[in-house]
Amino acid sequence: MRYILLLTSFAILTTSLFAQRIMITKTSNKGNLREIHTILQRLHVKMYFKKTKNYYVVYSKRYDSPEETHYKLKKIQRYFPSAYIQTSKEKKIHTSKGGKKKELYNYFIALHGAKSSITTDDVNITSTSGYSYSLEAGYYFTEYLYVSGIYEIADTKDITLSNFYGSLNYNYKIIEDFNIFAGVLLGHSKLTLNIDNATPSTSLAFGGAIGVSYDVLGFIPISLTYQLLSLKHKIIYDTTLERNFTRLQSFQLGLGYKF
């Protein structure tokens, strides 16, 4: 159930955060609006405009998908080369002749699925591998440096881990839209063992991650990441018996959205 909620939250956030329209042109002469409207009708683009102090600003409706927005932008730029995409955050997204976007997207969200394994000294636990899921949100200070917050759940047959941690990362662009990155992680972890009389454990979580990513259309990153978290979980069965859980390793596949 928790995984369904994570997926639903990610879909809602992605839909609500996209909200983009095309800023087409501006004119100081109201009479030019009729000619602009005629051109946009031929392109099947619905026209809107608003009056500022010195200009009439012409723009499109808000589109439901990035693919449709960029398709319309290319058609509009044949007649209005200065047209650009405007997000709900009022950020300009220019497109060059080759269709490559060169701006910096400051924010992102991402959903990760992973194959994970937990290291323990408890020989009675045979299931130490399972799947994990995480939801991440972050901010780019520059093209090379970004931070993020991550909520993660890892499950095996015998063990459940829930982690919340932050990351500080360095991103290096190899070629256009293809990147490698590495980061340090620090946060909080909770471990529950599905065995009678086992009390849950909390621990500091710290470690690192390294990976590669490719930005589809410049703002939809697909990533592959190796992550290692060092833990100090201690589960007490009774007053004399305790077991340690020391590491979480994950190979993650992620899908994100930059805005």
Side-chain angles (χ1 to χ4, degrees), residues 8-111 136-144 146 171-179 213-223 254-259:
T8 303
S9 300
F10 179 75
I12 292 171
L13 281 170
T14 301
T15 301
S16 62
L17 288 170
F18 182 76
Q20 293 181 331
R21 64 187 178 190
I22 299 171
M23 305 303 292
I24 298 169
T25 188
K26 60 184 179 181
T27 178
S28 58
N29 186 349
K30 186 177 181 180
N32 291 336
L33 293 176
R34 183 181 296 274
E35 182 181 355
I36 295 169
H37 182 256
T38 300
I39 295 171
L40 293 176
Q41 273 190 319
R42 293 202 302 266
L43 299 176
H44 303 290
V45 174
K46 190 171 182 180
M47 172 179 146
Y48 298 84
F49 69 89
K50 62 182 178 181
K51 189 178 186 308
T52 64
K53 184 176 181 181
N54 299 313
Y55 297 98
Y56 292 92
V57 180
V58 181
Y59 56 94
S60 74
K61 71 173 186 178
R62 295 188 183 276
Y63 292 100
D64 296 330
S65 72
E67 293 82 4
E68 183 181 13
T69 310
H70 286 280
Y71 172 74
K72 293 289 188 182
L73 177 64
K74 288 180 180 179
K75 294 177 66 174
I76 291 169
Q77 283 183 327
R78 296 173 191 168
Y79 299 90
F80 305 98
S82 62
Y84 63 88
I85 297 173
Q86 186 180 55
T87 68
S88 57
K89 297 285 186 181
E90 302 298 316
K91 175 189 278 190
K92 292 183 180 179
I93 304 180
H94 295 283
T95 302
S96 66
K97 290 182 179 179
K100 299 296 184 182
K101 294 158 286 300
K102 300 183 182 299
E103 78 293 340
L104 172 68
Y105 294 95
N106 289 111
Y107 301 92
F108 73 92
I109 55 175
L111 182 67
E136 179 179 18
Y139 178 81
Y140 278 85
F141 295 106
T142 70
E143 181 183 358
Y144 305 103
Y146 68 94
N171 182 74
Y172 179 76
K173 182 180 292 185
I174 301 175
I175 58 175
E176 189 69 33
D177 294 329
F178 187 75
N179 311 278
S213 69
Y214 179 75
D215 296 334
V216 179
L217 299 175
F219 58 91
I220 302 176
I222 297 174
S223 62
L255 177 64
Y257 173 71
K258 295 180 178 180
F259 56 100

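Please read all numbers here as calculations on a predicted model, not as lab measurements.
The minimum heavy-atom distance between Ile222 and Val216, with the atom names listed, is CD1-CG2, 3.8 Å. Closest of all the heavy-atom pairs between Ile22 and Ala83 is CG2-CB, 4.3 Å. Between Ser60 and Ile24, the shortest heavy-atom distance links the atoms N-CD1, 3.9 Å. Closest of all the heavy-atom pairs between Ile220 and Gly256 is CG2-O, 3.4 Å.
For Lys258, the side chain to side chain donor-acceptor pair (under 3.5 Å) test picks out Asp215, with sequence neighbours left out.
The aromatic rings of Phe141 and Tyr139 lie perpendicular to each other, with more than 60° between the two planes, well past the 30° mark. Taking the six-membered ring for Trp and thresholds of 30 and 60 degrees, Phe219 and Tyr257 have ring planes more than 60 degrees apart, a perpendicular arrangement. Aromatic ring orientation, Phe108 versus Tyr146: perpendicular (interplanar angle above 60°, classes split at 30° and 60°).
Taking OH from Tyr214 and CG from Asn179, the interatomic distance works out to 10.5 Å, rounded to the nearest 0.5 Å. Going from atom OH of Tyr63 over to atom NZ of Lys72 covers 5.0 Å, rounded to the nearest 0.5 Å. With values rounded to the nearest 0.5 angstrom, Ile39 atom CD1 is found 13.0 Å from Arg78 atom CZ. Note that OG1 of Thr69 and CZ of Arg62 are 10.5 Å apart. Values are rounded to the nearest 0.5 Å. Here Tyr84 contributes atom OH and Leu73 contributes atom CG; the two are 11.5 Å apart, rounded to the nearest 0.5 Å.
Counting heavy-atom neighbours within 6.0 Å of Lys26 NZ, excluding the residue itself, gives a total of 12 or less. The local environment of CD in Glu35 is sparse, with at most 12 non-hydrogen atoms from other residues, nucleotides or ligands closer than 6.0 Å. Counting heavy-atom neighbours within 6.0 Å of Tyr79 OH, excluding the residue itself, gives a total of 12 or less.
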Expected list for residues 40-55: side-chain donor-acceptor pairs under 3.5 angstrom, two or more places apart:
unit_1, atom_1, unit_2, atom_2, d
Thr52, OG1, Tyr55, N, 3.1
Thr52, OG1, Tyr55, O, 3.0

